[in-house]
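Worksheet for the structure shown next.
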Amino acid sequence: MTVRTRFAPSPTGFLHIGGARTALYNWLYARRHGGTFLLRVEDTDADRSTAESIRIILDGLQWLGLDWDEGPGVGGDHGPYFQSERNEIYDRYLARLEASGHVYEDEGAIRFRVPDKCITVSDAVCGEVSINLREQGARRYDKEAKEWVEANPDFVIKRPQGGYIFHFVNVVDDIEMAITHVLRGEDHLSNTPKHLALFEALGVNPPLFAHIPLNLNPSGTKMSKRDQGALIHEYQDNGFLPEAVNNYMALLGWSAKDDQEIFSLEELQSRFDLTGVNSSNSKFDYDKCRWVNGEHLKKLPAATLLAEAAPFLTRAGIDPNDPRVPAALELTRDRAQLLSEIPAVIETIFATDVTYDEASVAKVREKAELPRILAALTDGLADAGDWSVEGIKAAIHEAAGHAELKMGALMLPCRVAVTGRTSGADLVPVLVLLGKDEVVRRLRDFGAMSADA
RNA sequence: GACCCGUUCGUCUAAGGGUUAGGACACCGCCCUUUCACGGCGGUAAUACGGGUUCGAAUCCCGUACGGGUCGCCA
C-alpha cells in the first residue's frame, strides 16, 4: 500500500509554526516511504477564506520547500483540493448516511447518530485511547456560565444553511483522497472518536492516526500569532534559512535518538520516523532556533550564501554585486546566526563614512600612548609594500617595533580607528578589502579627531 | 467542571528494569588566537510528589499535584 499523507490547513491569513511542523512531519513521512504528500485547503468557513489568506499559506510551504504532489496549483486525481468546491461529493456521502439511517434532521441541521459504545483510537504516538461519545456528549460545559447544560451527543455535520462541518468533510476527504496516515496535532485526539464513528458508518477502514504533541510558547501556553517565532513568514523576513527552520521544527517533538542536532532536509527525510516522535508538548526556544540557523549558515556554499544574503545586503545599502562582497561574506560565517545580522558585520567595508561607537572610542582613548600608536600605524601601513593579509600583518608588526609596543597593543586602536568599534569581522582581511588608501585615510582622520578632542 | 493526553537539567531531548542519568541551546570559567570571532576543554543544572511490584525502578502499576487539550450549526 502506498503511503498517502496530507496537510489540511484552513486559510487563516498566516502559516503558523504548529501547522508548518504538522506539514513537515507529513511531508517527511511521505517522502521517507516513497509516498504521496497532498495539500487540501479546508475552506468550508467562507468568512475566513480569501485568495490572499490562501496564498500566504502556500507561499510559506513553498519557502520551506515542502512541495506537494497533489493539491492547489499541481492538480491530481483526487481533486478538487478546495473543500469549497467539493459539495457534490459531500452530498453523495450524506446520501449514503441517510440511506443507512445514520443521520436525521434537527431544526434544519443534519445530525449524525452517535453510537452508544466505547470507541478506541489506536494512535501511533499516544497508544490506545477510548471514549464513549454518547456518554461524553450528553452534557456540555458552558464556559461563560460555568455550568453544565444538556446537550445532544449527536453532532451536526451540515448546517441549516447548507454548509458542511469539519468532522464530516475531513473524514469524507480522507476517504476520497485515499489518505493512509493522518499525522496531526494532539488537539485533534479528542475529536478522533467522532471521526472513527463516521468511518464506521460509511463502512470504510480508517487511516492510521498519529497525534503529535503541541508546540507551546516559552510560558507554556498555546503559541499565539503574537509569540516570537509563531509565524513562518517572519522567519523569512528575519533572516532564517528554510532548511534551518525545518531542522528546528523537526527537533520540537521528534528525536533521531542519537546526538545529532543539525540535519539537512535530505537527512531528515531519511531519518524521520514515527517511533522517534515523543508524546509530551514542547516549549519553543528562539535562541536554539537561531543557533540551528547559524550552523546551517556556516555550511552554506558560497554562491548560496550570496544569493540568500543579497536581499538583506540591499536593504542595508550594500550592493550585492560589489566585487568585494563574496570575500566579505566569508568573514561573517562565524559571526552571524541570521542573514539579517550579516550587514552589520561588514557594512564598514562598504561605508564612505565611519560611524564611531562612543564606548569603543572611549575605551581606546584611555591609552596614554594612543597618538604614538596611531602615528606608527598610519606610517607603517602607508609604507606597506604588499597589501595582502601577510603584508599587512608584517607592516603592523613593524609599526609595533617602531612604537616599542607589542602588536596586540596596536590591533584594537587600529580596529576602532578604521571600523569605529571594538568588535566586528576579522580585522586584517577587512583592511585588505578596504584598500590601502581608505585605511590610511581613516587612520589619519581618527588621529586628527583624537588630537582635537 | 467532566473526559482525554502528558510530566528527565531553565529549554529541546537520550537512556524501552541494573549507566558516575548522556547530548544540545543558554549561562559561567579556562585555553587557543599578538585583533574580533570560531573552536577546544571544563563547570553549574534534571528523573514532580507519595505509595506499590521487583534482588534492583527515570523506566511497570496505583494515587496526588501540576501542565496541556477537547467538550460549537470554528477548523
Side-chain angles (χ1 to χ4, degrees), chain A residues 8-12 42-45 47-49 83 106-111 121 123 125-127 129-132 135-143 146-148 151 153 155-161 163-167 169-170 185-194 211 213-214 216 218 220-222 248 251-262 275-276 278-292 294 298 331-336 345 393 396-397 400 405-416 419 421-428 430-431:
Chain A
S10 64
T12 48
E42 305 218 333
D43 56 349
T44 55
D45 188 7
D47 299 346
R48 281 202 292 195
S49 43
Q83 289 188 329
D106 176 28
E107 294 178 353
I110 305 294
R111 281 184 189 272
V121 183
D123 191 273
V125 173
C126 305
V129 180
S130 303
I131 295 175
N132 183 317
E135 285 173 10
Q136 268 299 295
R139 294 186 313 156
R140 184 167 59 79
Y141 190 70
D142 188 322
K143 269 185 180 165
K146 291 194 173 184
E147 62 179 15
W148 286 97
F155 56 92
V156 170
I157 62 171
K158 189 181 186 188
R159 304 181 180 95
Q161 300 80 7
Y164 287 98
I165 300 296
F166 163 72
H167 301 297
V169 295
N170 190 270
E186 204 208 74
D187 47 344
H188 284 296
L189 185 58
S190 298
N191 290 146
T192 307
K194 289 181 182 172
H211 287 91
L214 269 22
L216 274 21
T221 56
K222 209 170 177 178
Y248 183 67
L251 254 27
L252 276 184
W254 169 82
S255 163
K257 305 279 186 190
D258 59 19
D259 293 337
Q260 186 172 345
E261 304 271 347
I262 302 303
T275 57
N278 67 313
S279 49
S280 53
N281 295 345
S282 55
K283 289 179 189 165
F284 186 87
D285 183 350
Y286 201 74
D287 278 342
K288 181 144 187 184
C289 188
R290 287 171 49 104
W291 174 78
V292 170
K298 284 179 194 166
L331 303 178
T332 69
R333 286 189 191 267
D334 296 335
R335 261 156 269 252
V345 178
K393 274 187 183 169
I396 295 178
H397 203 270
L405 290 163
K406 291 192 173 176
M407 183 177 174
L410 302 204
M411 292 302 278
L412 199 68
C414 184
R415 175 181 285 284
V416 173
T419 72
R421 56 181 76 164
T422 51
S423 68
D426 197 8
L427 184 58
V428 177
V430 168
L431 299 182

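Sequence lines set the chain letters: A, B, ... in the order given, protein chains first and strands last, and positions in each chain run from 1.
A:Glu261 comes within 4.0 angstrom of a nucleotide base, judged by non-hydrogen atoms across all strands. Looking at heavy-atom distances under 4.0 Å, A:Gly185 makes no contact with the nucleic acid at all. Base engagement by A:Glu107 is indicated by at least one non-hydrogen atom pair under 4.0 Å involving a base atom. No contact: A:His211 has no heavy atom under 4.0 Å from any strand. Residue contacts for A:Leu427: at a heavy-atom cut-off of 4.0 Å it reaches a base atom on one of the strands shown.
Which of B:rC73, B:rC38, B:rU35 sits closest to the side chain of A:Val156 comes down to B:rC73. Taking only side-chain atoms of A:Ser255, from C-beta outward, the nucleotide of B:rG69, B:rU35, B:rU13 with the closest atom is B:rU13. When each of B:rA14, B:rC74, B:rC5 is scored by its nearest atom to the side-chain atoms of A:Arg159, the top-ranked nucleotide is B:rC74. You'll find that the side chain of A:Asp259 is closest to B:rG22, out of B:rU13, B:rA75, B:rG22.
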Heavy-atom protein contacts under 4.0 Å, nucleotides 59-68 of chain B, coded B base, S sugar-phosphate only, - none: ---------S
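Every residue two or more places apart in sequence or in another chain that forms a side chain to side chain donor-acceptor pair (under 3.5 Å) with A:Asn132 is listed here: A:Asp116. Considering only residues two or more places apart in sequence or on other chains, A:Tyr248 meets the side chain to side chain donor-acceptor pair (under 3.5 Å) condition with none of them. In this structure A:Lys406 satisfies the side chain to side chain donor-acceptor pair (under 3.5 Å) test with no other residue, sequence neighbours excluded. In terms of the side chain to side chain donor-acceptor pair (under 3.5 Å) criterion, residue partners of A:Asp106 (sequence neighbours excluded) are, by chain and number, A:Arg111. In terms of the side chain to side chain contact (heavy atoms under 4.5 Å, CB included) criterion, residue partners of A:Ser280 (sequence neighbours excluded) are, by chain and number, A:Asn278. Legend: residues meeting side chain to side chain contact (heavy atoms under 4.5 Å, CB included) with A:Asp287, ordered by chain and number and at least two apart, are A:Asp285, A:Arg290. Remark: A:His188 pairs with A:Phe166 by the ring-ring contact (aromatic ring centres under 6.0 Å, His included) rule, at least two apart or across chains.
A sub-4.0 Å separation between OP1 or OP2 of B:rG39 and a side-chain N or O of A:Lys298 is present. Checking the phosphate oxygens (OP1, OP2) of B:rA75, a side-chain nitrogen or oxygen of A:Thr44 falls inside 4.0 Å. Taking 4.0 angstrom as the limit, A:Lys146 places none of its side-chain polar atoms (N or O) nearer than this to OP1 or OP2 of B:rG1. Side-chain N/O atoms of A:Arg139 include none lying less than 4.0 angstrom from OP1 or OP2 on B:rG1.
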Give every pair of a protein N or O atom and an N or O atom of nucleotides 25-33 of chain B that lie under 3.5 Å apart, one pair per line with the distance.
| residue | atom | partner | partner atom | Å |
| --- | --- | --- | --- | --- |
| B:rC25 | O2' | A:Lys288 | N | 3.4 |

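Taking atom CG of residue A:Asn278 and atom C1' of nucleotide B:rG16, one finds them 14 Å apart after rounding to whole Å. Put simply, NZ on A:Lys257 is 13 Å from C1' on B:rC12, counting in whole angstrom units.
In this structure, B:rC38 shows a glycosidic angle within 90 degrees of zero, which is the syn conformation.
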